[in-house]
Amino acid sequence: MTVRVGIIGVGVMGADHARIVARETAGAKLQALADADGQRVKALASELGAETAITDPLAIINDPNVDAVIIASPDQTHQALTLACIAARKPVLCEKPLAPTQAECLAVVAAETALSRRLVQVGYMRRFDPGYADMKAACQSGDMGKALMLHCIHRNVSAPDWFTAGMAITNSAVHEIDIARWLLDAELTSVTVMKPPASPSAPVFLIFETSAGQIVDVEMFNNAVYGYDVRGELVCEKGTVSLRSPVTIETNSVLAQRLGHPADWRPRFAAAYRIQMRTWINAIQTGTDFVGASAWDGYAAGAVADAGLEALAKTHRSSVKLVDKPALYP
Ligand code: ISE
C-alpha cells in the first residue's frame, strides 16, 4: 500500500520533509500540502507534484485522500492539530516539541489513551541518527560499565527573530532532553538553569539529574555565529563515548586545515530525517508500532522543559564568599 502523506506547514522543516517524502521515501506519496502562505504552498506543490495545495490545515487532516499527516507548522499549533489527527484516526508525525507546555502535551496523551491506540510519533529525529544510535549501542553493550554523565553542546548560527528566551529550552534543548532520556533509559528528575548575563544572546546552561543518579549538562547556544554544531559525550565507568560530526571533506590551504560546519540542522541530521521517514512510513504500511518518540515521550520532554523554564526564571546558586585580598597578592 502506498501511504498518501499530507503535510501541514511548509517552512524550513515542512519543505524538507516534503522533499524527502516526494523524492526519497519508497512507499510514500506526497499527496497534499497546507500552509498559511498560499503562494508558498502552491509553489512547493507544483515543484514536487502534490495534488492539493491549500491554506486550511484541517482540510488536509480530513481529506479522504490523505492517509497520514506530518505537522511542521509553528510549535503553538501542534497540540490542536495533533488532536484533530487523533479524532480523524490518522497516523501523525508531529515535529518537536509535541506542544510548548506539558499541560498541552498531556491532553494529547489523554486523547490517545482514550482511543487505546497509538497514532502519534514526535519528530525527535536524533533517535534515528547513526551517531546517537552507536552511542546507545556502546552504552548498552556493558563494555563501558555504567553511564555516569552526559555532556551536551547544541549550537545554532543565530536564533530567528521570533525566538523567545524560553524557546532555547522548549524548542531547542528539548532535543537534548529527549536524547538524554533515550540514551540513558532514565527520566530527568531535576533541572538547574544558569545564563551568563554578559550578553542577551548568551547561551543557557542546563544541568539535569536522572532517576538513576546520572548528571546531564547542556550548553544551549542559539547564537553561536560560526555554524551548527551538536556534540555529545557519555562518561562511563570504564571509558567515554563521543559523537563525531559527519564531515565529508577536510580542506588544507594557505597554512590552514579546515573541516567546516553546516549552516543548520538539515545537513547534520540528513540521515536521521531520512531514516525517521522510512521507518514511520514502514510502520504505517505494516501496521506495526512506531519506533520513534511517542506522545508520552513528547509529554515527558515537555514536563522537563516546563521545569527548565521555572528554573530559568529563578536561578539557584550558592554564593562563594572570599575574604578581602591581602596586599601580598596583587
Ligand atoms: C530547531 O527547531 C530544531 O529543531 C533544530 O534541530 C535545533 O537545532 C534548533 O535549535 C531548533 O530551534
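Both ligands and their constituent atoms are indexed starting at 1 by order of listing. Given the structure is predicted, the values throughout are model-derived calculations rather than measurements.
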Which word best sums up how the rings of H175 and Y124 line up, parallel for under 30°, tilted for 30 to 60°, or perpendicular for over 60°?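 Aromatic pair H175/Y124 classed perpendicular.
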Over 60° means perpendicular and under 30° means parallel, so classify the ring planes of F269 and Y228, tilted if in between.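 If you compare the ring of Y228 with that of F269, the planes turn out perpendicular.
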State whether the number of non-hydrogen atoms from other residues, nucleotides or ligands found under 6.0 Å of Q39 atom CD is greater than 12.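 Open: at most 12 neighbouring heavy atoms sit under 6.0 Å from CD of Q39.
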Is it true that, when you exclude K29 itself, more than 12 heavy atoms of the residues, nucleotides or ligands shown sit nearer than 6.0 Å to its NZ?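 Counting other residues, nucleotides and ligands, NZ of K29 exceeds 12 neighbours.
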Check each protein residue for a heavy atom under 4.0 Å from ligand 1 and list those that pass, ordered by chain and number.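 Answer by chain and number: K96, H154, N156, F163, N171, S172, H175, N222, Y228, W265.
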As an exercise, state the distance from CG of L119 to CG of L93, rounded to the nearest 0.5 Å.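 Rounded to the nearest 0.5 Å, the CG-CG separation comes out at 12.5 Å.
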List the steps, then state whether salt bridge (Lys or Arg N to Asp or Glu O under 4.0 Å) holds for E176 with R126. CA-CA 9 Å; E176 275 72 24; R126 290 189 188 183; 2.7 Å; yes
